[in-house]
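Inspection log for the structure reproduced underneath, given as structure tokens.
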Amino acid sequence: MNDEIRQLWQVGAFECLMVSCCSGAELQVRRTDGAGDPVLRELYPTKSDLYDRAKDLKRDYERGVAPDVAG
């Protein structure tokens, strides 16, 4: 089974992706100016839960209050 990968947003040097498959969905935040490794990964049982979290994260990144967990 193929996973679906969809970019939900990009703010500055960060992008948020949804990786979904039959068992749920994974939210990933990645830096776009480096290796592209995830700096945040969270699993959700439904896409709607993931979308709600992605909206909250986007707002935080736009305001500059989201932690840069990559260091």
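Atoms considered below: every heavy atom in the structure, side chains included; atoms not considered: hydrogens, waters and symmetry mates.
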Note: A54 and L8 closest approach over all heavy atoms is CB-CD1, 3.7 Å
To the nearest 0.5 Å, atom CD of E15 lies from atom CZ of R30 at 6.5 Å
Here the pair of heavy atoms bringing T32 nearest to G12 is OG1-O, 3.9 Å
Next item on the list: Answer yes if Y61 and L27 sit in the same cluster of Ile, Leu, Val, Met, Phe, Trp and Tyr residues linked by side chain heavy atoms under 4.5 Å apart, and no otherwise.
Entry: yes
Heavy atoms of Y44 and D49 approach each other most closely as CD2-CB, 3.8 Å
Shortest non-hydrogen pair, Q28 vs P38, comes out as OE1-CG, 3.6 Å
To the nearest 0.5 Å, atom NZ of K47 lies from atom CD of E4 at 4.5 Å
Query raised in the report: Is NZ or CZ of R31 both nearer than 6.0 Å to the six-membered ring centre of F14 and within 45° of the ring axis?
Result: yes
Partner of D56 under side chain to side chain donor-acceptor pair (under 3.5 Å), picked from R59, K58, R53, is R59
Next on the checklist: When you group the ILVMFWY residues by side-chain heavy-atom contacts below 4.5 Å and let the links chain together, are Y51 and V19 in the same group?
Outcome noted: no
Starting from L57, can I reach V11 by hopping between I/L/V/M/F/W/Y residues whose side chains sit under 4.5 Å apart? yes
In this structure, CD of E42 is separated from CD of E26 (nearest 0.5 Å) by 9.5 Å
